[in-house]
Number of protein chains: 2
Amino acid sequence: MINEQTNPLDGIFAALSDPKRRALLARLAAQDGLTVGELAGPLPISMPAVTRHLDVLEGAGLVSREKQGRRVLCHLRPAPLRAVRDWLTDYETFWTEGLDRLAALLEAKP
Amino acid sequence: MINEQTNPLDGIFAALSDPKRRALLARLAAQDGLTVGELAGPLPISMPAVTRHLDVLEGAGLVSREKQGRRVLCHLRPAPLRAVRDWLTDYETFWTEGLDRLAALLEAKP
DNA sequence: CTGTTCGTTAATCATTACATTAAATAATGC
DNA sequence: GCATTATTTAATGTAATGATTAACGAACAG
């Protein structure tokens, strides 16, 4: 009950810990529906590497892939970021209000 | 200029991607100044493992250690979480307002 | 001083993550 | 069909992560 086996936040934070993956998200946010090739273009890594990064992002629910003809369009799925925001706001009280408020909030929240 | 070598967000997100480390943060948020032994107690891992996790958290700036006698008191340092919040708010506009606003924000922000 | 407690470091091992090149699959056009 | 383009999968190597036990060092109590 302390750990529900695996927390979705694990994968989300892990996905966001790589600057190349954050760059991919930023590109998709700026322009939705880019192909894998267009995403790989400006990055100094190979296309298979981009596919792996997209796998990680898709596994975290941050990106979805839509096959269209012989190319794959990528879309940003910001829903998991909301979970991050929720987790974060618990700690936000720590630096705005005092410790006591937060202590109550985090009694059983990993 | 695209990448300033290493982004602090890398270490912060990586530190937060482990549920045990988030559990340590939650414990410290609920009760500041816990010792390493007290932190290791309820977790199903050895004390050296906790030391390593604290190294990671301290490296990300999320925790500071204060040696007091023969024990080490740990403190939560929420400042890096503010960087996460700032990064996140850029994407928050994505699901509240439209794509256009965000596109403008993320032109050169990795 | 000696023994005990608290914490870190050392040595080791298994697992996972990230990258590359080369081959395979899939869709399009001639 | 055959060549071309787009993307993924396979095979492989290396580096990072996470854990453990054992040894070490510092602080306190008797």
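Below, chain A is the first sequence line, B the second, and so on; all start at residue 1. All values derive from a computational prediction rather than experimental measurement.
Distance Leu34(B) CG to dG7(C) C1': 15 Å, rounded to the nearest Å. As rounded to whole Å, 12 Å separates atom P of dA11(C) from atom CZ of Arg52(B). The distance between atom CD of Gln68(A) and atom C1' of dT8(D), rounded to the nearest whole Å, is 18 Å. In this structure, CE of Met47(A) is placed 19 Å from P of dC18(C), rounded to the nearest angstrom. With rounding to whole Å, Leu73(B) atom CG is found 11 Å from dT8(C) atom P. Distance Leu57(A) CG to dC18(C) P: 10 Å, rounded to the nearest Å. Between Asp55(B) atom CG and dG18(D) atom C1' the separation is 13 Å, expressed in whole Å. At whole-Å resolution of the value, CG in Leu24(A) and P in dC18(C) are 12 Å apart.
Looking at the side chain of Ile45(A), the nearest of the listed nucleotides dT20(C), dA26(D), dA27(C) is dT20(C). Each of dT7(D), dT4(C), dT20(C) was ranked by its minimum atom distance to the side chain of Ala49(A); first place goes to dT20(C). Of the candidates dG7(C), dG18(D), dT20(D), the closest approach to any side-chain atom of Arg21(B) belongs to dG18(D). When each of dT20(C), dT5(C), dC18(C) is scored by its nearest atom to the side-chain atoms of Arg70(B), the top-ranked nucleotide is dT5(C). Relative to the side chain of Lys20(B), the nucleotides dA19(D), dA22(C), dT20(D) differ in distance, and dA19(D) lies closest. The side chain of His53(B) approaches dA19(D) more closely than any other nucleotide in the set dT21(D), dA19(C), dA19(D). The listed nucleotides are dA10(D), dT8(D), dC28(D); the one nearest the side chain of Arg65(A) is dT8(D). Closest contact between the side chain of Val72(B) and the listed nucleotides dT9(D), dT8(C), dT20(D) involves dT8(C).
Taking both residues in full, the closest heavy atoms of Tyr91(A) and Leu25(B) are given as OH-C, 3.7 Å, listed atom of the first, atom of the second, then distance.
Nearest-nucleotide assignment on DNA chain C puts the 5′-proximal partner with Arg71(B), out of Lys67(A) and Arg71(B).
Salt-bridge check for Asp55(A) with Arg65(A): passed, with a basic side-chain N closer than 4.0 Å to an acidic carboxylate O.
For the 3.5 Å distance criterion, the side chains of Arg77(B) and Ser64(B) qualify, holding a donor opposite an acceptor.
Taking only side-chain nitrogens and oxygens, Thr51(B) never comes nearer than 4.0 Å to OP1 or OP2 of dT9(C). Taking 4.0 angstrom as the limit, Thr35(B) places none of its side-chain polar atoms (N or O) nearer than this to OP1 or OP2 of dC6(C).
Relative orientation of the Phe13(B) and Trp87(B) rings is perpendicular, given thresholds of 30° and 60° on the angle between their planes.
Criterion: ILVMFWY side-chain heavy atoms under 4.5 Å apart, direct or through other members. Under it, Val56(A) and Val84(A) are not part of a common hydrophobic cluster.
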